[in-house]
Asker: 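The structure's right below; bear with me while I get my questions together.
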Amino acid sequence: MTGKTAFRALAAALLLNGTMPAFAQEADPNTLAPSSDPKRVANGLALTPPMGWNSWNKFACNVNEKIIRDTADAMASNGMKDAGYRYIVIDDCWHGQRDENGFVTADPVKFPSGIKALADYIHSKGLKFGIYSDAGRQTCGGRPGSQGHEYQDALTYARWGVDYLKYDWCNTGTRNAEEAYALMADALRATGRDIVFSLCEWGNNRPWLWGQKIGNLWRTTGDITDKWEGKYGYSWGMLNILDMNEPLWPFAGPGHWNDPDMLEVGNGGMTDAEYRSHFSLWAIMAAPLIAGNDIANMDAATREILLNRDVIAVNQDALGVQGRRVSRDGNREVWVKPLSGGGRAVVLFNRSAQPETISLGWEALGYPATLKASIRDLWAHKDLKPAVGGYSATVPGHGVVMLKVQP
Ligand code: GLA
């Protein structure tokens with residue numbers, strides 16, 4: 001670890017929790033060391049960030065089995081499955097009542113065929129199926145929560161064929177977050193089924209400090225909204241979420257990821273350039289890539305963003321280090337993620353509305369200035385001329401240039 005990097009990790013840890021957790025020292029982009037310690041792994045799942053789709057950002061409570069089936073059909077046939085997207089996750093509001101024995105049921109009007117049939121359908125397409133619950137007595141949408149029914153619900157999910165659980169934090173009163181999430185993790189483990197566990201308590205109780213042994217991903221912030229910037233009630237624009245998630249880079253690694261919330265790409269509130277930035281920055285942060293748009297009815301520009309395999313490869317790199325901002329000069333930023341094989345992914349990010357020239361020196365990547373490196377432009381899908389010392393590019397307003405640099 002270089003002096004500067006060590007200082008940065010220490011500062012981040014002090015800022016976040018007042019003490020220096022042992023594993024915060026392990027993620028060092030310059031030594032290429034991932035932060036996973038096998039003793040602390042929750043379940044061996046999600047060794048790369050989960051990829052899939054979730055109903056909430058686009059459909060909120062208006063979900064039904066037709067939407068979910070159409071989405072599965074789309075994912076299986078539009079190239080997303082081939083690009084690595086796997087999980088189809090129904091968020092809040094799928095629930096009916098609990099039956100006379102306390103077992104949860106599906107809303108009989110929205111899901112007349114039942115959840116098991118839906119899961120079977122999704123599995124028949126070679127995809128995986130996720131569902132949503134809450135650690136309180138009610139979900140955020142007022143449906144039955146899992147408090148007091150943890151083992152019963154986990155068993156129900158396993159019988160239905162659930163592969164992923166997003167577990168929310170509404171109506172939890174005075175519950176202790178770590179205990180509440182650990183209880184559900186135990187219940188899921190007791191079923192014997194492989195179920196990715198997604199903790200959604202919005203970063204309130206610093207889940208990056210204890211989530212690794214419990215689940216595979218934890219939300220680090222409140223809800224994202226389909227806007228470039230700003231605060232909207234309990235929700236935040238993309239830039240705000242980005243800046244909250246960035247300093248947490250030391251806590252991510254294979255099997256345990258910071259989750260800055262689902263993608264808004266294609267939902268209409270940002271420009272295509274802004275969505276390219278959103279997708280590139282989520283990818284370089286090793287964030288879960290969970291599409292949140294109507295993938296059964298998306299336009300070509302949206303498709304091209306979600307299906308950019310060069311960018312997806314950065315996100316899914318086996319080393320599993322979360323990229324971070326290494327320099328910021330006004331609106332001009334350089335983000336770097338070390339990759340297996342010694343290369344680096346780079347995002348040159350322009351926060352201003354006007355084009356800006358952003359320069360990158362190889363030292364920012366931990367390389368000697370004299371090094372000759374090959375460069376690939378991940379949005380142009382083109383190999384550029386190998387360069388010595390660095391690279392500079394004109395970056396469109398609110399846009400990115402994303403590169404892979406390989407010595
Ligand atoms: C919370 C979560 C969201 C979504 C809704 C559902 O706000 O953070 O991601 O799951 O609840 O009600």
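Order of appearance sets the numbers: ligands from 1, and atoms from 1 within every ligand.
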Asker: Heavy-atom contact check, 4.0 Å cutoff: does Tyr132 meet ligand 1?
Answerer: yes
Asker: Answer with yes or no whether Trp202 contacts ligand 1, where contact means a heavy atom under 4.0 Å from a ligand atom.
Answerer: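 So Trp202 counts as touching ligand 1.
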Asker: So does Arg324 pair up with Glu246, basic N to acidic O under 4.0 Å?
Answerer: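 Salt bridge: no.
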Asker: Is ligand 1 less than 4.0 angstrom away from at least one heavy atom of Thr139?
Answerer: no
Asker: Do the charged groups of Arg325 and Asp243 touch, with an N to O distance under 4.0 Å?
Answerer: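 Salt bridge present between Arg325 and Asp243.
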Asker: Enumerate the atoms of ligand 1 whose separation from the nearest heavy atom of Cys200 is less than 4.0 angstrom.
Answerer: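 Answer for ligand 1: 2 (C), 8 (O).
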Asker: Give the residue, atom name and distance (to 0.1 Å) of the protein heavy atom nearest atom 3 (C) of ligand 1.
Answerer: Asp223 OD2, 3.5 Å
Asker: I'd like to know if Lys382 pairs up with Asp377 as an ion pair, taking the criterion as any Lys NZ or Arg NE/NH1/NH2 lying under 4.0 Å from an Asp or Glu carboxylate oxygen.
Answerer: no
Asker: Show the numbers, then the answer: is there a salt bridge (Lys or Arg N to Asp or Glu O under 4.0 Å) between Arg143 and Asp92?
Answerer: CA-CA 8 Å; Arg143 303 305 197 275; Asp92 207 349; 5.8 Å; no
Asker: Where on Ala60 is there a heavy atom closer than 4.0 Å to ligand 1, on the side chain, on the backbone, on both, or on neither?
Answerer: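 None of Ala60 does.
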Asker: Between Asp153 and Thr156, do the side chains contain an N or O donor and an N or O acceptor separated by less than 3.5 Å?
Answerer: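 Per modelled atom types, Asp153 and Thr156 side chains form no pair under 3.5 Å.
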Asker: Quick one: side chains of residues 287-294, donor-acceptor pairs under 3.5 Å with protein atoms, not counting sequence neighbours, listed by atom name and distance.
Answerer:
unit_1	atom_1	unit_2	atom_2	d
Asp294	OD1	Ala296	N	3.3
Asp294	OD2	Asn297	ND2	3.0

Asker: Establish, yes or no, whether the cationic atom of Arg98 lies under 6.0 Å from the six-membered ring centre of Phe103 and within 45° of the ring axis.
Answerer: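 Judged by the rule, Arg98 and Phe103 form no cation-pi pair.
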Asker: Pairs of nitrogen or oxygen atoms closer than 3.5 Å, one from Asp92 and one from ligand 1: do any exist?
Answerer: yes
Asker: Check each of Arg143, Met262, Lys166 against atom 9 (O) of ligand 1 and report the one with the nearest heavy atom.
Answerer: Lys166
Asker: Is it the side chain (CB and beyond), the backbone, both or neither of Asp168 that lies under 4.0 Å from ligand 1, heavy atoms counted?
Answerer: side chain
Asker: Distance to 0.1 Å, residue and atom name: give those for the protein heavy atom nearest to atom 10 (O) of ligand 1.
Answerer: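 I find the closest protein heavy atom is Asp91 OD1, 2.7 Å.
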Asker: For Cys140, counting its heavy atoms only, list the atoms of ligand 1 lying under 4.0 Å from any of them.
Answerer: 1 (C), 11 (O), 12 (O)
Asker: Provide the number and element of each atom of ligand 1 under 4.0 Å from a heavy atom of Arg219.
Answerer: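 Ligand 1 atoms under the 4.0 Å threshold to Arg219: 8 (O), 9 (O).
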Asker: Output a table of donor-acceptor pairs, distance under 3.5 Å, between side-chain atoms of residues 228-239 and any protein atom two or more places apart or on a different chain; print 'none' if there are none.
Answerer:
unit_1	atom_1	unit_2	atom_2	d
Trp228	NE1	His398	NE2	3.4
Lys231	NZ	Gly233	O	2.5
Tyr232	OH	Glu229	O	2.8

